[in-house]
Amino acid sequence: MGLYLCVFDNDNELDGLEVGAYSDFEFFRRTVTELLEEGSAGSKYPTLISHSDSDGEWSPSECERLRRELEDISCHFRQLPAVRFRADWQKELGKSLGLQPACLYDSFIDVDGEPLLGRLQRLCDVAIERNTPILFQ
């Protein structure tokens, strides 16, 4: 089962992001905690790290905070060395698309092969612009 994050306006889906497995999202958040929060989960990025990934939503106001956190994480991850894709689907997709991560930012992708941090930021932008939450499905 995979994690899907989306923004709806009534019954219309405005944007969505298929992250991959829940374990992939957890690995991403664990990496943020280990490298940028010195192991103290949620100390610098509480909106991203402290939210359960099993259900619920990020409200529009939380999306504004999340957007700022993601910008900061992106800046740091661009300065750190890349790691290999972890999940089999990431390895296969990376190979088929010719992806060669140059930094840690590039090492986390969505199911379309796009950088996860960039996609999360765009999803926040849509949620903020439309004043609607990001839903966890």
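The first residue of the sequence shown is numbered 1, and numbering continues consecutively from there.
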- Side-chain donor/acceptor of Glu37 to backbone N/O of Tyr45, under 3.5 Å: yes
- Task: Could you tell me the separation between the CD1 atom of Ile73 and the CG atom of Leu117, rounded to the nearest 0.5 Å?
- Result: 6.5 Å
- Close side-chain approach of Phe77 and Ser107, heavy atoms under 4.5 Å: no
- Query: Taking all atoms of both residues into account, what is the closest heavy-atom pair of Ile128 and Pro60, and its distance?
  - Reply: CG1-O, 4.2 Å
- Query: If we only count heavy atoms from C-beta on, is the Ile134 to Val7 side-chain gap below 4.5 Å?
  - Reply: yes
- Message: Assess the residue pair Leu17 and Asp110 against the criterion (side chain to side chain contact (heavy atoms under 4.5 Å, CB included)); give the C-alpha distance rounded to whole Å, side-chain angles, the decisive distance to 0.1 Å, and a yes or no.
- Response: CA-CA 7 Å; Leu17 164 60; Asp110 70 1; 3.4 Å; yes
- Query: Between Glu57 and His51, what is the shortest heavy-atom contact and its length?
  - Reply: O-NE2, 2.8 Å
- Task: Taking the side chain as every heavy atom from C-beta outward, state whether Leu120 and Leu66 have any atom pair closer than 4.5 Å.
- Result: no
- Task: For atom CD of Gln100, decide whether the heavy atoms of other residues, nucleotides or ligands shown that lie under 6.0 angstrom number more than 12.
- Result: no
- Begin with the C-alpha distance, continue with both residues' side-chain angles, and end with the deciding distance and a verdict on side chain to side chain contact (heavy atoms under 4.5 Å, CB included) for Asp125 and Asp15. CA-CA 10 Å; Asp125 291 341; Asp15 197 2; over 6 Å; no
- Measure the NE2-CG distance between His76 and Leu36 for me, rounded to the nearest 0.5 Å. 6.0 Å
- Query: How many angstroms lie between CZ in Phe27 and CD in Glu34, if you round to the nearest 0.5 Å?
  - Reply: 8.0 Å
- Please assess Phe136 against Leu3 for the test side chain to side chain contact (heavy atoms under 4.5 Å, CB included), listing each intermediate value before the final yes or no. CA-CA 7 Å; Phe136 285 67; Leu3 175 60; 3.9 Å; yes
- Specify the closest pair of heavy atoms between Lys91 and Arg86, including all atoms of both residues, with the distance to one decimal. CE-O, 3.5 Å
- Message: Applying a strict under-4.5 Å side-chain criterion to I, L, V, M, F, W and Y, I'd like to know whether Tyr22 and Trp89 cluster together.
- Response: no
- Linked, directly or transitively: Val83 and Phe25 (ILVMFWY side chains, under 4.5 Å): yes
- Task: Calculate, to the nearest 0.5 Å, the distance between atoms OG and CG belonging to Ser74 and Leu104 respectively.
- Result: 10.5 Å
- So how far is it from Glu69 CD to Ile49 CD1, rounded to the nearest 0.5 Å? 8.0 Å
- Is a side-chain donor or acceptor of Thr47 paired with a backbone partner of Glu62 at a separation under 3.5 angstrom? no
- Using a strict 4.0 Å threshold on nitrogen-to-oxygen distance, state whether Lys95 and Glu92 make a salt bridge. no
- Message: Quick check: is Leu80 connected to Leu70 through a chain of hydrophobic side chains (ILVMFWY, heavy atoms under 4.5 Å apart)?
- Response: yes
- Task: Measure the shortest side-chain to side-chain distance between Phe108 and Thr31 over non-hydrogen atoms and say whether it is less than 4.5 angstrom.
- Result: yes
- How close do Asp24 and Ala87 get, heavy atom to heavy atom, and via which atoms? OD1-CB, 3.5 Å
- Do Leu93 and Phe85 belong together in a cluster built from hydrophobic side chains that touch within less than 4.5 Å? yes
- Cluster check Leu123, Val19: I/L/V/M/F/W/Y, side chain < 4.5 angstrom: yes
- Item | Distance, nearest 0.5 Å, that separates CD of Glu18 from CG of Leu116 | 12.0 Å
- How far apart are the closest heavy atoms of Ser59 and Pro133, and which atoms are they? CA-CB, 4.1 Å
- Side chain of Arg78, backbone of Cys103: donor and acceptor closer than 3.5 Å? no
- When you measure from the side chain of Asp112 to the backbone N and O of Glu114, does any donor-acceptor pair fall under 3.5 Å? no
- Query: Does atom CZ of Arg130 have more than 12 heavy-atom neighbours from other groups under 6.0 Å away?
  - Reply: no
- Item | Closest contact, heavy atoms only, Cys63 versus Trp58 | SG-O, 3.6 Å
- Message: Within the structure provided, determine whether Val111 and Tyr4 are in side-chain contact (heavy-atom separation under 4.5 Å).
- Response: no
